[in-house]
Novice: 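Handing you this structure, nothing more for now.
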Protein chains: 2
Amino acid sequence: MATIEEVGGEGRRARQRRATMRELKVASLDEVREHGAAGLRVRSVARRVGMSAAGVYRYVSSREELLTILIADGYHDLADHLRLAGRGEEEGRPPDSPVTDRPAPVVSTRAPAAGDVAERARAVALAYRRWAIDHPNEFALLFGDPIPGYAAPAEGPTTQGMRRVGAAFAEPLLAAWREERLRVHRALSSLELGEALAPMTDDAVGLGGSGIPPAVHALLLTTWGRVHGQVTLEVFGHHDWIFPAGCEPLFEAEVEALLTDLGLLPEPAQ
Amino acid sequence: MATIEEVGGEGRRARQRRATMRELKVASLDEVREHGAAGLRVRSVARRVGMSAAGVYRYVSSREELLTILIADGYHDLADHLRLAGRGEEEGRPPDSPVTDRPAPVVSTRAPAAGDVAERARAVALAYRRWAIDHPNEFALLFGDPIPGYAAPAEGPTTQGMRRVGAAFAEPLLAAWREERLRVHRALSSLELGEALAPMTDDAVGLGGSGIPPAVHALLLTTWGRVHGQVTLEVFGHHDWIFPAGCEPLFEAEVEALLTDLGLLPEPAQ
DNA sequence: TTGCAATGCGAACAGTGTTCGCGTATAACC
DNA sequence: GGTTATACGCGAACACTGTTCGCATTGCAA
């Protein structure tokens, strides 16, 4: 008897393997959500999927690889949320990539942000914070302590995910720039960053090539940093002793300030 | 014979205890510097000071307490560096507090920043980044992954240290505000933060009480966030794949932009 | 059917943080 | 002075970790 007719181009063994691989990721993600990255125990993951601890190593070479996978996945999830909030055109990640079963990103409670570029930029910034607050342990996994010796492989999945995050964050700003509505700060104009930062929005992200001048590129990065700084301080608890009631108003005000600095909101009368 | 004459008001036993306590801190700090916070091993610390692992627990209740001590100490060290860079009047921390032997903060390679308030603010921002880059593992200890369940005691040493960092960071900006040179962003003016954030610069820090309006307070926080975000992204390696050559120019440009936004530098001709 | 590779498991190893019980040296008290 | 209580340090042990190894078993291909 010849080989059993394969379903979907792969034998049932490969199918099974991918299924338990996904199980492992889901279990790991749950563990991280519950106990943080440092609290991820290989034995717990194994127990969750009904395996022995040793069995896990048939699928993953080390605990660190498990974390790396979660990191890459986390970037993609965050990027999806940002894209959705900013109404980018790219239709999600490639369908075989979202290996972890995450709930599909839901439109933020805030405004739909369909039209104006300022609204879209605001929506993205708020979505960034929203995701961080809703997934603090994953946020810490992505942006917290780096593994001391570890550097992400230059073109590994984590770097690609990160690129998608950057692109999703930058998209409304780039749209504003195309409409010539983006005010680039003078201090950045004189910057000569050379070709070093070209890769951020190029290739495969669908933002339209490398016609972006360095000053705009720099502006994207500083804008991201401005939002990220605020979010990091809040999510990591460094504002707890200042804002027992939560610092959402401060963040939203800072976003408004940021948008006006970018020239996307009318300058208020002095 | 009566009790041996005590030296400095404490018996030699207490003196010995404090000495080995300091030894423990130094050893721990070295370990953290070398292997990161996650790599701090009680047994390594014990080996470094020539003790058994169990002996360490005569001085410290847990590994986590060791880390907590280092955190508090780190805040003070960072605050000292900022103060020195910003030329604050407070003469260092109280002399019994600096339990860890750290090299005395050295004046930044940058300008002395004695006079103008803009220079002082710039110096503080650059010092913030400098310290982070020079002490990446300590920076991660202070601002990286929070211990999932853990919240710093409301008035513990870590909170006090954090307050000193905030105060040192804010000092030049507050000076500018007193000189009525600080431009408070309109988006922050409408903010009603109430009494929630009063404690940041009050009590014992020596910045002159609570006469600071909420909008200025908010501006201090967002300014800190703006600097912190950039530094965090850089130190934690999230700019590596964009800036193989280092992103110092970007940071310095962003600081210039920040200073002009604050009204401390003349607006460049459009 | 035979053979090979994939898969899973239990046991083991080195390492971790932490506790316990034992001595010993030091300080305080009479 | 002697006596007593306390602080200190240590080795052994416990429960736990990530990871490896050898042995079965199972599924697939020739």
Side-chain angles (χ1 to χ4, degrees), chain A residues 1-25 27-28 31-32 34-70 147-150, chain B residues 1-25 27-28 31-32 34-70 147-150:
Chain A
M1 202 182 306
T3 309
I4 299 179
E5 196 53 36
E6 297 172 357
V7 183
E10 57 180 358
R12 53 168 274 188
R13 196 154 202 175
R15 210 162 57 247
Q16 192 103 332
R17 180 172 183 83
R18 303 206 338 154
T20 70
M21 187 72 208
R22 188 158 70 229
E23 263 191 279
L24 283 175
K25 290 186 186 177
S28 302
E31 284 287 309
V32 166
E34 207 165 331
H35 305 108
L40 177 68
R41 243 105 261 201
V42 175
R43 285 177 155 92
S44 297
V45 174
R47 209 176 305 125
R48 257 189 147 97
V49 304
M51 263 207 293
S52 76
V56 176
Y57 286 81
R58 294 287 175 197
Y59 294 85
V60 157
S61 73
S62 69
R63 188 193 96 114
E64 203 198 323
E65 183 178 318
L66 214 48
L67 282 175
T68 304
I69 293 173
L70 291 187
I147 317 288
Y150 178 75
Chain B
M1 201 184 306
T3 309
I4 300 177
E5 196 56 35
E6 297 172 357
V7 182
E10 56 180 359
R12 52 168 274 191
R13 194 149 202 178
R15 211 163 56 247
Q16 192 104 332
R17 180 174 182 82
R18 302 204 340 151
T20 70
M21 186 72 208
R22 189 157 69 229
E23 262 191 279
L24 283 175
K25 290 186 186 178
S28 303
E31 283 287 308
V32 167
E34 206 166 332
H35 305 107
L40 177 68
R41 242 104 263 201
V42 175
R43 285 178 154 91
S44 298
V45 174
R47 208 175 306 126
R48 259 188 146 96
V49 303
M51 261 207 292
S52 78
V56 176
Y57 286 82
R58 294 286 178 197
Y59 295 85
V60 158
S61 72
S62 69
R63 187 193 97 116
E64 204 198 322
E65 183 179 317
L66 214 49
L67 283 175
T68 304
I69 293 172
L70 292 187
I147 317 288
Y150 177 74

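Every chain is numbered from 1, with letters handed out A, B, ... down the list of sequences. Computed from a predicted model, the values in this text were never measured in an experiment.
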Novice: Protein-nucleotides 23-27 of chain D N/O pairs closer than 3.5 Å?
Specialist:
residue : atom : partner  : partner atom : Å
dG27(D) : N3   : Arg13(A) : NH1          : 3.3

Novice: Calculate the interatomic distance between Arg17(B) atom CZ and dC8(D) atom P; express it in whole Å.
Specialist: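 Value for this atom pair: 4 Å.
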
Novice: Grab the N/O contacts between the protein and nucleotides 11-16 of chain C below 3.5 Å, and write none if there aren't any.
Specialist:
none

Novice: Is there a side-chain contact between Tyr59(A) and the phosphate of dG8(C), meaning an N or O under 4.0 Å from OP1 or OP2?
Specialist: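 Yes, because at least one side-chain N or O of Tyr59(A) sits under 4.0 Å from OP1 or OP2 of dG8(C).
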
Novice: Expressed as a whole number of angstroms, how long is the span from Met21(B):CE to dG9(D):P?
Specialist: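 Computing the Met21(B):CE to dG9(D):P distance gives 12 Å.
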
Novice: Within this structure, what is the CZ-CZ distance for the pair Arg41(B) and Arg48(B), rounded to the nearest 0.5 Å?
Specialist: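 Reported value, rounded in 0.5 Å steps: 13.5 Å.
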
Novice: Take the protein atom CZ of Arg15(A) and the nucleotide atom C1' of dC28(D), then report the distance between them rounded to whole Å.
Specialist: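 After rounding, the reported distance stands at 13 Å.
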
Novice: Tell me: OH of Tyr57(A) to C1' of dG8(C), nearest whole Å?
Specialist: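 Nearest whole value for this atom pair: 15 Å.
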
Novice: What's the separation between atom OG in Ser52(B) and atom CZ in Arg47(B), rounded to the nearest 0.5 Å?
Specialist: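 Answer rounded to 0.5 Å: 11.5 Å.
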
Novice: Grab the CE-C1' distance between Met51(A) and dG10(C) for me, whole Å please.
Specialist: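 Distance check: Met51(A) CE to dG10(C) C1' gives 15 Å.
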
Novice: Taking all atoms of both residues into account, what is the closest heavy-atom pair of Ala53(B) and Val42(B), and its distance?
Specialist: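 Where Ala53(B) meets Val42(B) most closely, the heavy atoms are O-CG1, 4.3 Å.
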
Novice: Can you list the steps and then say if Tyr59(B) with Met51(B) is a side chain to side chain contact (heavy atoms under 4.5 Å, CB included)?
Specialist: CA-CA 12 Å; Tyr59(B) 295 85; Met51(B) 261 207 292; 4.3 Å; yes

Novice: Specify the residue among Ser62(A) and Ala53(B) whose closest nucleotide of DNA chain D lies further upstream toward the 5′ end.
Specialist: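 In this pair, the answer is Ala53(B).
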
Novice: Please lay out, stage by stage, how Leu24(A) and Val56(A) fare under the test side chain to side chain contact (heavy atoms under 4.5 Å, CB included).
Specialist: CA-CA 8 Å; Leu24(A) 283 175; Val56(A) 176; 4.3 Å; yes

Novice: Testing the basics here: between Ala37(B) and Val32(B), what is the closest heavy-atom pair and its distance to 0.1 Å?
Specialist: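 Closest approach of Ala37(B) to Val32(B): N-CG1, 4.1 Å.
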
Novice: Could you state the atom-to-atom distance from CG of Leu67(B) to C1' of dG17(C) in whole Å?
Specialist: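 Taking atom C1' of dG17(C) as the reference, CG of Leu67(B) is at 12 Å.
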
Novice: If you round to the nearest 0.5 Å, how far is CZ of Arg43(A) from CD of Glu31(A)?
Specialist: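 Glu31(A) CD to Arg43(A) CZ: 13.5 Å, rounded to 0.5 Å.
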
Novice: Show me the donor-acceptor pairs within less than 3.5 Å that the side chains of residues 63-70 of chain B make with the rest of the protein, sequence neighbours left out.
Specialist:
residue  : atom : partner  : partner atom : Å
Arg63(B) : NH1  : Leu40(B) : O            : 2.6
Glu65(B) : OE1  : Ser61(B) : N            : 3.4
Glu65(B) : OE1  : Ser61(B) : OG           : 2.6
Thr68(B) : OG1  : Glu64(B) : O            : 2.9

